[in-house]
Amino acid sequence: MSDLRSLVRRRGSLLLSALLLCALPFYLDAFWLRIGLFSMAAAIGAVGLGLLSGTAGQLSLGHAFFLATGAYGYVWLAGEPGPGLPPAVAAVLAVLLAGAAGGLFSPVAGRVKGIYLGVATLALVFLGHHVLLTADSVTGGFNGRSVPPLEAGGFAFADSGPRLTVLGVPFGAEERLWYLGLALFALTCFTARGLLRGRPGRALAALRDSETAASVMGVHVARYRSAAFVVSSMYAGLAGVLLALSFRRVVPDYFSLALSVDYLAMIVIGGLGSVAGASAGAVFVTALPLLMTRYADQLPLVATPGSGDGAIGPTEASRYLYGAAIVVILLRAPDGLSGLAGRARARLRRRPPVTGPPGAASDSESSEESGASGASGASDDSDDSDPSARAKEHTP
Amino acid sequence: MSAPAPAPAAAPPALEVRGVSVRFAGLLALDDVSFTVAPGTVHAVIGPNGAGKSTCFNVLSGLYRPTAGTVRLGAARLTRLAPHRIATLGVARTFQNIVTTGGTVADNLMLGRHALSRAGFTATALRLPSAVREQRAHLARAREIAELTGLGNHFDTPVTLLPYGDRKRVELARALCLEPRVLLLDEPVAGMNAAERARTAEVVRDVRARLGLSVVLVEHDMGLVMRLADEVTVLDFGRVVAHGTPDEVRRDPEVLRAYLGTGTGTATATTAVTKEDAT
């Protein structure tokens with residue numbers, strides 16, 4: 001019993017948010033669920049990119065390429081023309097395919113460092129886009145291909161198949177995919193956090209902070225760099241599969257350089273090196289344009305789509321907004337949303353406890369953020385004022 | 001508790017440096033340097049600034065490839081190996097300017113356990129019992145080493161929040177976490193105050209006695225060198241100018257010339273050394 005209680009205390013916020021997320025399909029309509037789905041898919045990809053860019057310090061502009069590999073890999077493997085494999089098998093293979101594509105790039109990914117890798121991966125996006133447009137028989141060319149729905153054990157994550165009603169709520173494609181997305185997102189968080197806190201995560205963070213220190217401590221630099229790239233590609237592949245399932249149609253123009261930049265924006269806004277931060281950034285960057293499109297008529301200065309009266313369209317407006325968000329975050333809170341959250345929690349904890357026992361619930365998160373904030377602190381030792389502000393955060 | 005075994009009880013093999021030269025685009029940083037670190041001893045490498053001490057360390061830890069010469073640890077030839085391979089042979093080092101990585105003291109020490117642990121990406125991502133067990137065992141050993149080096153109270157503190165002396169000691173502790181057979185210390189007390197110096201000297205003597213490892217020490221603090229070292233090699237302009245016990249080296253006229261530019265006779269020698277003591 002005390003075990004259960006301590007579990008609830010430690011994992012309370014996690015359990016609560018899991019319950020909340022599971023309950024949402026009963027209250028939200030398809031529009032909101034779709035936003036949630038896209039956000040979850042983006043979060044999976046962002047966590048992968050966070051592992052590569054945030055933890056290992058390797059810039060990648062090629063994330064869109066691996067998202068496309070996952071998405072198109074699934075469509076081709078499960079579809080017609082294509083081998084027509086069972087969709088569940090195709091999904092797994094698509095993730096592996098994205099990993100393999102990352103592996104093929106590993107001679108570069110293992111040797112090239114930081115921003116130079118960013119330039120090298122740029123080539124992948126253009127190459128990928130070109131292939132998507134020209135390899136008609138596999139990718140469907142400019143018009144793309146429709147996505148075969150995922151089926152597992154006779155259960156289809158789509159509107160087809162037997163009708164399903166749970167507690168009076170009809171479960172259509174969005175509701176079903178929502179739970180699939182949640183499960184995949186949970187898997188992503190579980191594995192990524194395990195990685196970050198384990199031996200590989202420490203090795204990658206060490207590579208980012210000091211390649212020399214990492215290598216004399218026994219870290220095989222090239223191998224870990226390329227492994228980080230492969231793992232990040234696999235997360236991107238998984239995100240690609242989920243995106244394809246949510247969009248129901250894949251088109252080449254979606255997987256452009258702008259998408260790669262969006263993912264970088266997500267991890268910067270969220271805070272480098274943190275799983276929760278990458279997820280929050282993903283929700284922000286994904287949901288913002290969709291919400292602005294939906295509520296364009298109620299927003300000042302934003303034109304409704306298609307009206308064409310010279311004002312800013314919702315998509316551009318949201319880009320301005322998240323551009324501004326990046327600038328503000330880089331200037332005011334370089335450790336992103338996760339850093340802000342950590343500081344807010346620390347401030348709450350310093351006050352006399354008003355609600356619930358302090359400390360325990362957020363200890364695990366703050367240890368993770370220390371990795372991210374420590375990184376920025378390690379680069380300039382002279383900056384003493386900033387770490388002292390964080391000192392309080394880490395004294396329970 | 002299946003804590004990973006501490007360093008092997010057997011004496012570490014000798015570290016032999018034979019005729020090592022390093023050339024950087026016309027500058028001969030090391031010129032035919034040879035010395036042997038006898039098993040289980042503290043061997044100091046001293047010399048004025050720019051004498052090639054740090055270059056020598058970078059060759060020993062595999063960061064530089066020498067232009068000529070070999071470094072052997074027992075039967076293993078280190079000069080053709082990558083740094084991470086040398087680390088797995090049990091050669092650990094610290095740096096002159098602190099090179100810690102982000103995160104807590106524990107994170108840094110656990111990085112030191114990297115070469116001794118096995119858990120790969122898959123096992124860690126899926127949190128397989130083997131990986132969890134391994135991590136727990138290594139964490140226990142890292143904590144022991146933190147206690148040994150006086151960092152026990154700071155185990156979960158982010159390194160960036162520690163004072164200078166403690167951060168320097170984090171590096172030492174991290175190197176010890178590799179369970180090294182040879183420990184390379186590059187100016188372990190540089191910039192420390194007297195109390196911190198004494199503390200670090202104590203730790204070095206203690207771990208050497210307890211773990212039976214060989215120590216190669218680069219240091220400007222002559223007091224520390226004279227107290228800790230069994231043997232001293234003096235470098236100047238990349239060449240070995242003197243070699244012997246601390247007492248022999250202290251009286252060597254070549255050493256005085258290297259340090260003071262002039263110098264004859266023992267009287268000056270003593271002054272020189274005392275001067276170094278004071279700084």
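Keep in mind the model is a prediction, meaning the values are calculated, not measured. For the numbers below, each heavy atom of this structure counts, side chains included, while hydrogens, waters and symmetry mates do not. Throughout, protein chains are lettered first and strands after them, A, B, ... in sequence-line order, and every chain is numbered starting at 1.
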query: Is the number of heavy atoms from other residues, nucleotides or ligands within 6.0 Å of CG (L187(A)) greater than 12?
result: yes
query: Given the options A131(B), A92(B), A115(B), S117(B), which has more heavy-atom pairs under 4.5 Å with chain A than any of the others?
result: S117(B)
message: To the closest 0.5 Å, what do you measure between CZ (R197(A)) and CZ (R127(B))?
response: 6.0 Å
message: Strictly by side chain to side chain donor-acceptor pair (under 3.5 Å), give each pair with a member in residues 92-113 of chain A just once, sequence neighbours left out.
response: K113(A)-E211(A)
task: Answer whether the closest heavy-atom distance between the side chains of T212(A) and S61(B) falls below 4.5 Å.
output: no
query: Between F121(B) and chain A, which part of the residue has a heavy atom less than 4.5 Å away: side chain, backbone, both or neither?
result: both
query: If you look at every heavy atom in L111(B) and A206(A), which pair is closest and at what distance?
result: CD2-CB, 3.5 Å
query: Between V216(A) and L178(B), is any pair of side-chain heavy atoms under 4.5 Å apart?
result: no
field: Shortest non-hydrogen separation from A125(B) to L195(A) and the atoms involved
entry: CB-CG, 3.8 Å
field: Test side-chain contact (heavy atoms from CB on, under 4.5 Å) applied to M217(A) and R113(B), H114(B), R174(B), R93(B), the passing residue
entry: R174(B)
- request: Anything in residues 77-90 of chain B with a heavy-atom distance to chain A below 4.5 Å? Please list those residues in order.
  value: P83(B), H84(B), A87(B)
field: Atom pair CD (E134(B)) and CZ (R199(A)), whose distance is rounded to the nearest 0.5 Å
entry: 6.5 Å
task: Using non-hydrogen atoms and a 4.5 Å limit, figure out which bit of L204(A) sits close to chain B: side chain, backbone, both or neither.
output: side chain
